[in-house]
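Worksheet for the structure shown next.
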Amino acid sequence: MTYQGDPLDNLPSDVGEDEGILPAPEPIEFPFPLVSKRTKEDLEKFGVNVAEDYRDFKEEVLTWLATYGKNPEKGEGLADTTLKSTHYKLETVFRWLWDYEERYTTELTPAEADRFIRLLNMSDSMIDSSVLHHLKVIKR
């Protein structure tokens, strides 16, 4: 039997309060539009600068996911294909939210997320795996 070193031997003795804060991600060029044409059209009814606000929100979220989304502690981001799929599913979630709330918002509550997933489950056109993919996106 070989001795495996104790994993606690190499841990720092103390982690300062600031060390748990991840550095801000660097800006990223995305190979897809941050706001789809359909989403822009849906946002028009909420005001002039709303599409720009939503674009800024999506850029922040997708940049974080691209940098830290897979494993924040290791600084590992999502793969490009996962990021693109996440982007389009988020568009669907938020378009539903704006319709449901009858207002523009970028805040999705747990209750709203649960309602959205329940509605997807009740849809005849939605297969289970697609519902699960939307659920994963919301949890990210």
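Quick caveat, the model's predicted, so the values are computed rather than measured.
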Original post:
Of all residues at least two apart in sequence or in a different chain, which pass the salt bridge (charged side-chain N to carboxylate O under 4.0 Å, His left out) check with Glu44?
Top reply: none

Subject >> Test salt bridge (charged side-chain N to carboxylate O under 4.0 Å, His left out) applied to Glu59 - qualifying residues, sequence neighbours left out >> reply: Arg55

Original post:
Is Met122 reachable from Ile117 through a run of I, L, V, M, F, W or Y residues, each pair having side-chain heavy atoms under 4.5 Å apart?
Top reply: yes

**OP:** Report the residues that fulfil salt bridge (charged side-chain N to carboxylate O under 4.0 Å, His left out) with Arg115, sequence neighbours left out, ordered by chain and then residue number.
**Re:** none

Original post:
Parallel, tilted or perpendicular: which describes the rings of Trp98 and Phe46, with under 30° parallel and over 60° perpendicular?
Top reply: perpendicular

**OP:** Could you list the residues that satisfy side chain to side chain contact (heavy atoms under 4.5 Å, CB included) with Pro33, not counting sequence neighbours?
**Re:** Tyr88

Subject >> Pairs flagged by salt bridge (Lys or Arg N to Asp or Glu O under 4.0 Å) wherever residues 103-114 is involved - sequence neighbours left out >> reply: Glu101-Arg103

**OP:** Please identify each residue that fulfils side-chain hydrogen bond (donor to acceptor under 3.5 Å, both in side chains) with Thr63, with sequence neighbours left out.
**Re:** none

**OP:** With sequence neighbours left out, write down each residue that passes ring pair (Phe, Tyr, Trp, His ring centres under 6.0 Å) with Phe32, or none if nothing qualifies.
**Re:** Phe30, His87

Original post:
Taking only residues two or more places apart in sequence, or in another chain, which ones meet Ala66 in a side chain to side chain contact (heavy atoms under 4.5 Å, CB included)?
Top reply: Ile28, Leu83

Subject >> Non-neighbouring partners of Arg118 that pass salt bridge (charged side-chain N to carboxylate O under 4.0 Å, His left out), sequence neighbours left out >> reply: none

**OP:** State whether the number of non-hydrogen atoms from other residues, nucleotides or ligands found under 6.0 Å of Glu41 atom CD is greater than 12.
**Re:** yes

**OP:** With sequence neighbours excluded, give me every salt bridge (Lys or Arg N to Asp or Glu O under 4.0 Å) pair touching residues 74-99.
**Re:** Asp42-Arg95, Lys58-Glu91

**OP:** Could you list the residues that satisfy side-chain hydrogen bond (donor to acceptor under 3.5 Å, both in side chains) with Thr106, not counting sequence neighbours?
**Re:** none

Subject >> Those residues that, when tested against Val61, pass side chain to side chain contact (heavy atoms under 4.5 Å, CB included) (two or more places apart) >> reply: Phe57, Leu65, Leu90

